[in-house]
Amino acid sequence: MKIKIILNLILVTTLLTSCSNKKIVYKSFDDYPVANTNLWLNYTKDATEFKIWSPTADEVQLHLYKEGFGGEPKATHNMKIDKEGVWKLKLAGDYKGTYYTYQVKIDNKLLPETQGIYAQAVGINGTRAMVVDLKTTNPEGWESDKGPKVNTPNEAIIYEAHVRDLSVHPESGIQMKGKYLGLAEKGTKSPDGFSTGLDHIKEMGITHVHLLPTCDFISVDEANLDTPQYNWGYDPFNYNVPEGSYATDPNNGEVRIREFKQMVKAFHDNNIGIVLDVVFNHTALYENSVFNLEVPGYYYRHWEDGTPSNASACGNEIASDREMMRKYIIETVSYWAKEYHVDGFRFDLMAILDIETMNAVSKALKNINPNIIIYGEGWSPGDSPYSWKKRAFKFNINQTPDVSAFSDEIRDGLKGSWNNPEGPGFVSGGKGMEESVKMGIVGCIQHPQVDNSKVNASNAPWTTNPWQSIVYASCHDNHTLYDKLKISRPNATDDELKAMDKLANAVVLTSQGISFIHAGSEMLRTKQGIENSYKSPDSINQIDWNWKSTHHDVVEYYKHLIQLRKAHPTFRMKTGDDVRNNLEFKTYENGLISYQISNHANGDNWKNIYVIYNARPEVVNYKLPGKWTLGVVGDEFEVNKPIEGTVNIPAISMLIAYQE
């Protein structure tokens with residue numbers, strides 16, 4: 001075979017081809033062969049075929065183990081190069097339950113063993129893959145299992161939670177604390193008799209639970225779970241395997257799969273969807289990551305001098321635009337959608353991923369399940385060698401028409417800037433926040449009454465349709481809503497802080513985008529002022545279910561808000577034109593925003609709806625044009641009282657009136 005010589009070499013790699021011992025010299029990673037074949041393990045009772053893509057390898061070994069950790073291989077086999085850089089080996093017999101690793105040799109150097117990027121089951125701490133018969137992990141009734149129907153994404157009311165946080169408190173009433181199965185328990189109650197866990201979520205009217213990363217991550221030692229450990233999980237290790245510390249037995253590769261499915265089914269049985277938080281912007285390891293132990297360097301972006309780029313601020317950055325990385329991301333989310341029946345994906349630091357990949361992801365997922373919702377963070381903390389014009393920034397969301405992104409405009413507008421803990425927002429007495437809140441209310445579309453020059457975080461609309469915006473006041477990042485309000489308003493009374501919390505999410509749940517609630521906000525959740533609790537102990541992160549009785553009035557307020565949103569499609573219009581044609585702001589001045597939605601918008605049984613947010617610390621006497629019926633005022637819902645002329649809006653509260 002003739003050696004192709006290329007000038008101006010960026011990178012030199014070699015490949016031992018199937019038909020020759022000569023080397024091919026490649027100019028760059030983009031010249032690597034693309035494997036169009038299926039790279040997943042192929043198991044049957046009669047034989048198992050192992051596959052790995054490693055075009056630069058001189059040879060690849062397959063090691064077979066009896067256990068998931070420790071001990072020597074019971075057998076080692078040399079794999080054979082097939083085509084397009086794929087190495088294969090088919091072994092006759094039933095290998096179910098056998099653990100295995102691959103080991104790649106490049107330039108006569110054996111790299112450390114790897115479980116492979118397509119591992120579907122692993123042993124403890126995920127360093128060895130396991131041959132699994134996935135059909136045997138399905139719970140009863142799995143074949144007919146399905147999640148909730150979603151006509152437009154802003155029908156979803158998302159509740160963001162962590163597996164441990166929901167269940168681990170000593171008085172949660174949940175037996176399997178910190179486990180997938182704990183979230184599947186029914187009938188659990190707090191000491192005061194209030195529902196907890198799954199029953200609480202159902203009682204609230206939540207449609208989707210967004211779980212912080214539950215793919216296998218590296219920061220928790222599964223071999224020492226008796227030692228207190230905690231992490232959010234944004235340090236991915238095995239992308240196609242559930243995290244083992246949330247399983248009852250992380251030693252057995254099948255257990256975490258089966259229990260994850262049981263959790264999903266429990267939520268589906270209650271018509272609640274599961275959204276997975278996925279981290280395709282960086283990996284926990286770089287030098288010895290599963291990606292670099294197969295094809296060194298290929299799966300990551302680098303600067304011209306060869307150093308890893310770091311737009312993630314986590315030490316490395318995945319190259320989503322490379323063909324085999326794009327293939328992997330698409331196949332991974334598709335796998336979770338098919339095998340685990342998940343109902344949505346939240347992409348961490350989505351702006352590091354490229355637009356083409358995100359569109360391919362959404363197309364693949366919608367083909368599997370048209371009810372799937374897809375959203376992510378439309379920003380990145382660092383610079384990248386890959387052009388921002390090609391990346392999935394929120395400002396490029398019009399190029400990813402089936403994808404939504406978080407609105408930091410309304411988040412910071414409501415409670416104050418994330419990077420200034422002492423700074424207040426609209427609900428807490430901050431000045432000049434009205435335009436940012438208004439932009440969030442309309443779902444970040446172009447609206448003639450929003451002055452974009454006065455909006456924080458952006459100076460232009462960025463969605464085509466309102467559901468492309470995730471509307472929220474708080475999430476796992478930064479302070480909880482209650483803590484932020486308390487820090488920014490240290491002299492506020494408890495009643496004032498409570499009113500601010502309620503008003504913040506009253507705005508969220510009556511805005512046009514996708515409603516997103518941080519778990520526990522409905523109980524004034526606190527993390528004792530800790531801003532970044534990603535590895536803080538349970539005592540900081542857990543939901544104390546006693547809060548539900550202490551702040552039961554707040555819980556009830558949130559419940560009524562959710563019922564209101566579900567009952568009135570006017571709060572979830574489908575298109576930008578719908579919003580522009582039907583929503584008109586009436587008042588927007590310091591601490592006061594009002595608007596009217598008209599014309600039975602989106603098929604609502606109310607013809608006209610008047611919404612007023614009063615963030616002022618005093619009652620506002622507001623003049624209403626014409627005759628209305630009072631629907632909501634302060635803590636009262638379904639008031640159904642005729643009003644005309646002026647109406648009093650309590651301090652720091654919402655009022656809704658309607659005409660039928």
Side-chain angles (χ1 to χ4, degrees), residues 10-11 27-36 39 53 117 213 215 234 236 239-240 276-283 286 289 291-292 295 297-304 306-337 344-367 372-406 458 462-464 468-470:
I10 298 173
L11 177 70
K27 178 182 178 182
S28 72
F29 291 130
D30 292 335
D31 289 337
Y32 279 35
V34 174
N36 295 305
L39 293 172
W53 182 72
I117 65 175
C215 86
Y234 291 94
Y239 280 91
N240 293 290
L276 294 192
D277 200 324
V278 289
V279 188
F280 287 110
N281 59 81
H282 76 280
T283 53
Y286 173 71
S289 73
F291 294 107
N292 272 335
V295 193
Y298 175 85
Y299 291 101
Y300 298 89
R301 292 187 184 132
H302 303 82
W303 295 104
E304 289 186 2
T307 59
S309 51
N310 188 24
S312 68
C314 295
N316 61 79
E317 173 187 346
I318 280 178
S320 64
D321 51 298
R322 295 223 173 94
E323 288 296 328
M324 290 300 289
M325 188 72 232
R326 178 176 293 138
K327 171 185 170 74
Y328 181 74
I329 293 172
I330 295 166
E331 291 181 347
T332 293
V333 294
S334 297
Y335 174 70
W336 283 96
F345 295 88
R346 178 266 193 190
F347 286 81
D348 186 59
L349 297 181
M350 183 175 68
I352 291 175
L353 278 68
D354 66 290
I355 291 169
E356 184 177 345
T357 294
M358 286 307 302
N359 281 330
V361 161
S362 61
K363 180 180 179 181
L365 290 174
K366 292 292 186 179
N367 284 336
I372 280 180
I373 54 177
I374 306 153
Y375 58 97
E377 291 181 299
W379 50 73
S380 66
D383 194 13
S384 170
Y386 197 71
S387 171
W388 69 269
K389 294 180 180 180
K390 297 181 179 181
R391 286 152 58 199
F393 275 100
K394 67 178 185 179
F395 300 111
N396 295 330
I397 208 76
N398 63 326
Q399 298 180 58
T400 54
D402 289 319
V403 178
S404 305
F406 287 92
S458 61
W462 47 271
T463 66
T464 303
Q468 289 182 286
S469 169
I470 301 286

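These values consider heavy atoms only, across backbone and side chains, with no hydrogens, waters or symmetry-generated copies.
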Looking at [X] and [Y], would you say the former's side chain and the latter's main chain have a donor-acceptor pair under 3.5 Å?
X: Asn316; Y: Thr283; result: yes
X: Asn398; Y: Thr464; result: no
X: Ser312; Y: His282; result: no
X: Asp354; Y: Met358; result: no
X: Asn310; Y: Gly315; result: yes

[X]: what forms a side chain to side chain donor-acceptor pair (under 3.5 Å) with it, not counting sequence neighbours?
X: Ser387; answer: none
X: Ser289; answer: Tyr300
X: Trp336; answer: none

Quick one: pull up [atom1] in [X] and [atom2] in [Y] and give me the separation to the nearest 0.5 Å.
X: Asn367; Y: Ser362; atom1: CG; atom2: OG; result: 9.5 Å
X: Thr400; Y: Lys394; atom1: OG1; atom2: NZ; result: 13.5 Å
X: Ile117; Y: Glu331; atom1: CD1; atom2: CD; result: 9.0 Å

Could I get the full list of side-chain contact (heavy atoms from CB on, under 4.5 Å) partners for [X], not counting sequence neighbours?
X: Tyr298; value: Phe29, Tyr32, Trp53, Val295, Arg322, Glu323, Met324
X: Ala364; value: Ile330, Ser334
X: Ser384; value: Arg301, Ala311, Glu317, Tyr386, Arg391

Evaluate the side-chain contact (heavy atoms from CB on, under 4.5 Å) criterion for residues Thr332 and Phe345: first the C-alpha distance (whole Å), next the side-chain angles of each, then the deciding distance (0.1 Å), finally the verdict.
-> CA-CA 11 Å; Thr332 293; Phe345 295 88; over 6 Å; no

Sorted by first residue and then second, give each salt bridge (charged side-chain N to carboxylate O under 4.0 Å, His left out) pair with at least one member in residues 396-406; sequence neighbours left out.
->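 Applying salt bridge (charged side-chain N to carboxylate O under 4.0 Å, His left out) to every pair that reaches into residues 396-406, excluding sequence neighbours, yields nothing.
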
Which pairs pass salt bridge (charged side-chain N to carboxylate O under 4.0 Å, His left out) with one or both residues in residues 355-367, sequence neighbours excluded?
->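 Found Arg326-Glu356.
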
Does any non-hydrogen side-chain atom of Ile329 lie less than 4.5 Å from one of Ser320?
->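 Side-chain contact under 4.5 Å: yes.
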
Looking at every non-hydrogen atom in both residues, tell me the closest pair between [X] and [Y] and how far apart they are.
X: Ser458; Y: Phe395; result: CB-CE2, 3.5 Å
X: Ile372; Y: Ala337; result: CD1-CB, 3.8 Å
X: Ala405; Y: Ile397; result: CB-CD1, 4.0 Å

What residues form a ring-ring contact (aromatic ring centres under 6.0 Å, His included) with Phe280, not counting sequence neighbours?
->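 For Phe280, the residues satisfying ring-ring contact (aromatic ring centres under 6.0 Å, His included) (neighbours in sequence not counted) are Tyr239.
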
Please name all residues satisfying ring-ring contact (aromatic ring centres under 6.0 Å, His included) with Tyr328, sequence neighbours left out, ordered by chain then number.
->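 Checked Tyr328 against ring-ring contact (aromatic ring centres under 6.0 Å, His included); matches are Tyr118, Phe291.
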
Show your working on side-chain contact (heavy atoms from CB on, under 4.5 Å) between Asp383 and Trp388 and close with a plain yes or no.
-> CA-CA 9 Å; Asp383 194 13; Trp388 69 269; over 6 Å; no

Going through the checks in order, is the side-chain contact (heavy atoms from CB on, under 4.5 Å) test met by Phe393 and Trp462?
-> CA-CA 10 Å; Phe393 275 100; Trp462 47 271; over 6 Å; no

Just jot down the salt bridge (Lys or Arg N to Asp or Glu O under 4.0 Å) partners of Arg346, sequence neighbours excluded, or say none.
->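 So Arg346 forms a salt bridge (Lys or Arg N to Asp or Glu O under 4.0 Å) with Asp277, Asp348, Glu377.
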
Considering residues, nucleotides and ligands other than Lys327, do more than 12 of their heavy atoms fall under 6.0 Å from its NZ?
->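 Atom NZ in Lys327 is crowded, with more than 12 foreign heavy atoms closer than 6.0 Å.
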
In a check of side chain to side chain contact (heavy atoms under 4.5 Å, CB included) between Phe347 and each of Val361, Val403, Leu276, Ile352, which one passes?
->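 Checked Val361, Val403, Leu276, Ile352 against Phe347; only one passes side chain to side chain contact (heavy atoms under 4.5 Å, CB included): Val361.
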
